[in-house]
Each structure stands twice: as C-alpha cells, then as structure tokens.
Amino acid sequence: MPSDNPKPGWFTLLNMNCAQASQLLGEDGDRRLLRRERLFLRMHLLGCRWCRRYGRQMQLLRTLIAEHTAESFDTHEVRLSEAARRRIAERIGEA
Amino acid sequence: MLDRHGNALYRYALLRLRSRHAAEDAVQETFVAALAQSAGHGSAYQGRSNERTWLIGILRHKVIDQLRRLSRESGGPPLDASSPAWEEFFDRRGRWRLKPGDWGPATSDNDPHRQLERGEARAILAQCLEAMPPRLARVFMLREADGVPSEEICKVFDISATNLWTLLHRARVRLRHCLDSHGLGESSAKSPKRLT
C-alpha cells in the first residue's frame, strides 16, 4: 500500500473534530489505531454525543451488511438474463 | 451446474460489481475456470463438500479481476474527493451538520434491532446500497462485505491508503444518513431529547 498516510500530529489530534473522529471510528475496524489516536478519540467521544451515537451505529451497520450479504444469495428478485444464461451455457457446453 | 448456481453467483457478483455486464462476465469466467479445474482433477466436483462454496471461492477472484478492469476503464480515483454533497454532512470546522439520528434505545417499533428481526432494516439497507454511487459502492463492499485487506483494495483500485480511508468514511457516513432518512430508527430532528 502506498505509504502516504502520515501519522497525525498531536496538535491535529488535540483539536479532533467530528469529521476526524467519525473517520477514526470507521477505521478502527479497518486498521489498528495508534495509541494516541485511540486516546484522543476517546476524549472526543466523552464530550460528543453525536459521535458516540455514530460509533454505535457503525457497529450495527456492520451487522446489517453481513446479514444482507449472506441473504443476497437467497433473493429471487435478481436473476441472470436469458441471453446471458444462453451465452454462458454455450461457453461451458451445457447448451 | 449453471441451473443450480447461476443466479446465486450472479447476485453475488452484481452486489459487488454494480454492472450487469461485468457480473455476467465474472460468472461466465467462474464456470469456465470451474470446469477446467474439474477436468484437471478427474470427475467433476468429486470430493467437494460444498459445490457453491467452491464456486464462490473462484468467483471472488473473478470479481476482483473485473473490479480491476472497471477501475482501469473508469480512470482516476473511485470517487471525486471534492464531491460537494459531502459538505452537507460536516461544516467547515468539521462538526456534524446533519447529526446522526436516533436508532435507540430499544423501546419502540422503530428500534433497528427489531426492524432487523422483521427484515425491514435489511430492505432499507438494500435500497441505500443501491443508491450509493457505483464506484464508491465497489470499494465499500469489498472492504465491508468481504473483509478484503486494505492493502489489496488499494492495489485493485490503484489508490493510496489515505484515499481509501477517505472513501470508506464517506461511504459509511452517506450510508448511515441514508438509513436515517429511509426510516431506520427515528430522526433526531423528531426526537432531539432521546439522546443516549
């Protein structure tokens, strides 16, 4: 991965706003946050009920997406078109 | 094999590729590769405990190939980082402009956990994923639905790590807001005192 993701400075973290905090809340599931990121995120969350709420909702969102992904196999609303089915069948010799 | 698994594989691919043509191509390539593998191992599928799982394993790689192709064809990053719509969510100082609505506590029929049990939350989610810009959705699904490592996603879309984090953040904030506005939980505008 290109290393253009510089470590945030103390000043940036001290002045963490909701946009930055919500991004870190999402990244917490994608990468291991730095200790100082975690510390200042926690401090921001202590004073920001909107970001606390956002963090909780991200957890539920992950559950929703996992269930949606699993269930998408079973829906019958989306199907291969007849043309595509014929083309694939011809290609693999099941025509 | 096509009759048994064709539609399911297509749904899997379409959810991630957001392109009918690309999804059909990925499914076709999957069946071709599956037949080639079977030919190399004697009789078809023998010893395979779950044919669907095996096919999905092949399809995952074909979907990533298609994503790489789509990314090359579209050119540039998956989403313009200066999209003006983003300004609707945060003000200049990075504070919430559209504050997250209330999804809890679990006291009413609007509680998302209850909606989840009834399937309503999943229906709303499907609508909101559908409404997400395709290029953004491709990145988002690869990470959130499949848990593909960030390093690999960056290579597939030829983007930097910073760009990826930004895109995922935008996708999450947009999706969360879409769920709000389509009736998941209750809007904070309606019940500002129900903060938790």
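Chain letters run A, B, ... following the sequence lines, proteins first and then strands; every chain starts at 1.
The parts of B:Arg172 that come within reach of chain A are both its backbone and its side chain, each placing non-hydrogen atoms under 4.5 angstrom from that chain. Neither the backbone nor the side chain of B:Ile153 comes within less than 4.5 Å of any heavy atom in chain A. When heavy atoms are compared at a cutoff of 4.5 Å, B:Phe90 approaches chain A solely by way of its side chain, counted from C-beta outward.
When each of B:Asp91, B:Val32, B:Asp25 is scored by its heavy-atom pairs under 4.5 Å with chain A, the top score falls to B:Val32. For the options B:Glu152, B:Glu144, B:Arg95, heavy-atom pairs under 4.5 Å to chain A are most numerous at B:Glu144. Taking chain B as the reference chain and counting heavy-atom pairs below 4.5 Å, the highest number among A:Leu25, A:Ile65, A:Leu61 is found for A:Ile65.
For B:Asp180 and B:Arg176, the salt-bridge test passes: some basic side-chain N is under 4.0 Å from an acidic carboxylate O.
At a threshold of 4.5 Å between non-hydrogen side-chain atoms, the residues B:Met141 and A:Thr69 count as touching.
In this structure, a donor-acceptor pair under 3.5 Å is present between the side chains of B:Arg69 and B:Gln66.
Partner of A:Glu37 under the side chain to side chain donor-acceptor pair (under 3.5 Å) criterion, chosen from A:Arg42, A:Arg31, A:Arg32: A:Arg31.
Between A:Tyr54 and B:His169, the two ring planes are perpendicular [angle over 60°; tilted spans 30° to 60°].
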